[in-house]
Amino acid sequence: MTIENAQKDIIDNFLFFDDWTQKYEYIIELSKDLESMNKELKSEDNLIKGCQSKVWLHAELVDGKINFLADSEAIITKGIISILLNIFNNRTPNEILSSNMDFIEKIGLKEHLSPNRANGLSSMYKQIKFYAIAFSKT
Amino acid sequence: MTIENAQKDIIDNFLFFDDWTQKYEYIIELSKDLESMNKELKSEDNLIKGCQSKVWLHAELVDGKINFLADSEAIITKGIISILLNIFNNRTPNEILSSNMDFIEKIGLKEHLSPNRANGLSSMYKQIKFYAIAFSKT
Amino acid sequence: MNLSFDVDSIRQDFPILSKKIHNKPLVYFDNAATSQTPVCVIDCIKDYYEKYNSNIHRGVHSLSDEATNAYENARNKIKDHFNINESKEVIFTSGTTHSINIVSNGFSKILKREDEIIVSGLEHHSNIVPWQMMIKNNEAKLRVIPLKDNGELDMDEFKNILSNKTKIVFLNHVSNALGIINPIEEIIDISHKNGAIVLIDGAQSAAHFKIDLQKLDVDFFTASAHKLCGPTGVGFLYGKEELLSRLDPLMGGGEMISDVTFSKTTYADLPSKFEAGTPNISGVIAFGKAIDYLNEIGLDNIEQYEKSLLEYANSKLKEIDGLKIYGDTKNKTSLISFNIDGIHSYDIGSILDKFGIAVRTGQHCAQPIMDHFGIDGTVRASFSFINTIEEIDHFYESLIKVKSMLS
Amino acid sequence: MNLSFDVDSIRQDFPILSKKIHNKPLVYFDNAATSQTPVCVIDCIKDYYEKYNSNIHRGVHSLSDEATNAYENARNKIKDHFNINESKEVIFTSGTTHSINIVSNGFSKILKREDEIIVSGLEHHSNIVPWQMMIKNNEAKLRVIPLKDNGELDMDEFKNILSNKTKIVFLNHVSNALGIINPIEEIIDISHKNGAIVLIDGAQSAAHFKIDLQKLDVDFFTASAHKLCGPTGVGFLYGKEELLSRLDPLMGGGEMISDVTFSKTTYADLPSKFEAGTPNISGVIAFGKAIDYLNEIGLDNIEQYEKSLLEYANSKLKEIDGLKIYGDTKNKTSLISFNIDGIHSYDIGSILDKFGIAVRTGQHCAQPIMDHFGIDGTVRASFSFINTIEEIDHFYESLIKVKSMLS
Ligand SMILES: Cc1ncc(COP(=O)(O)O)c(C=O)c1O
Ligand SMILES: Cc1ncc(COP(=O)(O)O)c(C=O)c1O
């Protein structure tokens, strides 16, 4: 499945919901799917700056694809990370670099895209791209 | 003549004028009445701070009364000084200290009373009072 | 409920209160971050730009006169409101942070290696960093008044660390993170007896009760307009004339000098010395208007009304299982800092927003206080006289829903 | 006359232009001191306080998001307008004076005793004092580019004093006292070849023609919103990222740090490092709006129209016997600084005010320039795109009357 298709799937999933409560309940559900992250990986180095709740993101290149591990203290943030990793995990650097984040607006989570440092989504995406750039050079 | 009466006289004089042009022409006339000030008296010490055009004020106590000498580079300022000295020259410190400046508003020169540092009238009056205080202590 | 206080009619003064957030009426509980602005203050700014916008001081024309008069008039309003001795002791700044930096920078050359500065453990960032920057220069020592378990300052420890080495004592009047009102009268008194100068940060106090600076006999005091129903980008620093005169200015520029040649500069008198460059003219004038507005309502009325809001909110919130309030002491302003067991403050804040409720979450620029309680942050609901009992009920009910969603 | 430029309809955008001064229509020729404010900028401020006033950054609620977005959006507008590489190179300040102090203070620890700073002889106070304050600390040397008889910088002398000791070259783009446009392209080029950093003060230039900072390759640049149709109390400092990163901040406070404990502080990234405390949020947002407004009219149109105003005013004023213009050079903005033989500038200004005409008189915060011409001050009439040929005619006729009254 391409990144685009994965994003479409998520948009479709969110189309089911009538109101924000259901959306948020779904996000909270998704947070539970997130693969757990080792304590050692929750290091200063992996901490993403610019998020109000702490967010850690770790990446490794395996067979040309990037494996992400991430976690957060806040459950909503965790749910959103889970959505992001659904899309960006196990992709090649190039796939990631040619992606965009328009789908966030389409699923009605635009507020999480704000440059406001309280919301970490744009910081997370930046960091994911940053890893992609770094690994595409290796 | 008391200070109050001198102020009344000036108010009366200004009542003659229909418009500001006449008032200003009168002020310019008055500037010529100002007793000339010796160059040595135009010293740094006698310079009044807070006026946009340079204003010097010198004072001496003679027989319990204060003799003022003043000058300015700007003719309008000089005219206004002339009005002030008409009122405050040759007065005892106490006379000066119990005076006020309401007449300025009455003759329509209120703009010159503004705390704006460009206009020196309030600074001049302050300085006159300052001398009065100083001499009342001697 | 205080009957002399008509909150419904007061709310009419605040255009923003008709705003909808996610289709819900805005419930603004972030007053400690910035206050909302009454229409008279907004109109005052509009009026300035429509009728007498002009650079001030040294201008020869009428507009400049009008703007200068209004600006200096605002200075007098601050002077009167805080019972300051002379208007030249009021320095307009761009806010509390700027004010504090003026003082810390000013003392940076006066203090020496053996000297000590005491800061409370209840401080906002803005109160710590300027002093850390300062002691890099003079190697003075920064000492901290520790907190007791409940979040109050440990006054015994304060007396212990205070000595004749102490040159400056420095703390906020009210903690922005907890709302605790510090015993500044006692601190000023003891500090003065030890020969130390006291700077009080009134950013969180000035909006909530009347303050008499001469009576306090404090050496420096500062607050920000944007927390006092005024505009952003303006505040004031009060300092005793004799002390202000001793300090070098933080910034150099027009107006703050009386004479310039390329080889020498003479500083102008107070307050100009500290007001380099074109100030926030409309902001200062509107700040004056905001002070008028607060006085029309009356700070005593505000204090009383807010106290009743706090009591009500306290009792409601304590009904919620697992909700823990930090700094729940007797002497505080209408602010509640809390957490709910097992739920992150960010999650609570995000979902409250969906209910139209604006609270702040996180560390509130006060990491050391968070460290004291061993937590990462709190939810901070800060009330003001524009809030109502009904809003607190809505807050309570929303919290119940948040809790059920998140646990 | 430029036909594509409809000054009458533009004047409708400025509410203050319907003001009467002493019963005469306001003729505002003090644009160099502060520009007037179009209704869209006033409405933008009103809108902020009525609809989304909130403290920015780190807020979890919608209002804070909205305000933060608008604030950062304004940063992008400044970036685009001045063709800056990255938005984090745009630091919001309280104005040009503040900006300059950030740079001079930042370099104060970097410069050493043997180092030199070159400042032009055409400077505003704000440009001299910060460096005088700075060299008190590091004993660097301040050197001055002298003026030629006509008021232009003596470029030969500049090349003479420039050496490998020169670390910083510092001048205004346009002189506020005379309106002369300095050859900054050449100065930047020569300075860079000598390894010196250049800071340009654009307070008097940015309103009058288009400026491309990447093309100029200047190291630092600053301007004030209140001279750009924006509000008071806000401006910006541009700096190349690498240089800004090297400088310590002028002020410490919230937002400008990423980590605080009582023992250590880590500065945050750009631009936050230099934006301590709550900024002038409404001011910054309205500054962005003002930039939009100027771009709607088009700075090229403004430049051309103002040029025609200047030419006309120049030719009229020169008809007046005994009137002497200072800095009457080819390359200047629409500003005329003059005296009339035997009459003090203050007298001229006072009486012009009675005719509704606002000019500035005195030294224009530029005593050294006055000393250069051996005068005490001038009358300064500074025009902008809101002025008309008819206003200049009225100015001319009023000057004739002033002259007859005063001589
Ligand atoms: C050339 C120049 N530099 C600096 C300034 C100071 O700007 P501000 O007062 O906005 O800080 C001015 C303002 O008059 C100016 O004309
Ligand atoms: C106690 C305290 N001090 C200082 C500040 C900083 O004030 P400003 O951001 O207006 O400079 C704040 C603002 O949050 C505060 O709460």
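All values below were derived from every heavy atom in this structure, side-chain atoms included, with hydrogens, water molecules and symmetry-related copies excluded. Chain A is the first sequence line, chain B the second, and so forth, proteins listed ahead of strands; every chain is numbered from 1.
Side-chain atoms of D:T232 come within 3.5 Å of backbone N or O of C:S282 as a donor-acceptor pair. Using a distance-only test at 3.5 Å, with no hydrogens or angles considered, a donor-acceptor pair links the side chain of C:N53 to the main chain of D:S35.
Enclosure of atom NZ in C:K24 by more than 12 non-hydrogen atoms of other residues, nucleotides or ligands within 6.0 angstrom is indicated.
The CG atom of C:D30 lies 6.0 Å from the OG atom of D:S54; values are rounded to the nearest 0.5 Å. C:S18 contributes atom OG, which lies 9.5 Å from atom NZ of D:K51 (distance to the nearest 0.5 angstrom). Between the NZ atom of D:K227 and the CG atom of C:N55 there is a distance of 6.0 Å, given to the nearest 0.5 Å.
There is no contact between D:K20 and chain C, counting heavy-atom distances below 4.5 Å. Interface residue C:N101: only side-chain heavy atoms are found under 4.5 Å from chain D. The part of C:L26 that comes within reach of chain D is its side chain, from C-beta onward, which places non-hydrogen atoms under 4.5 angstrom from that chain. If you measure heavy-atom distances from C:H98 to chain D, the contacts under 4.5 Å come from both the backbone and the side chain. The contact between C:Y28 and chain D is made entirely by side chain atoms (from C-beta outward), counting heavy-atom distances below 4.5 Å.
Heavy-atom neighbours of chain C within the stretch residues 38-47 of chain D, taken at a separation under 4.5 angstrom, comprise D:I42, D:I45, D:K46.
Applying the ring-ring contact (aromatic ring centres under 6.0 Å, His included) test to C:F92 and every residue at least two apart in sequence or in another chain returns C:Y71.
Residues C:D353 and D:H61 are in side-chain contact: their nearest non-hydrogen atoms beyond the backbone lie under 4.5 Å apart.
Taking all atoms of both residues into account, the shortest heavy-atom contact from C:T97 to D:G277 is OG1-CA, 3.2 Å.
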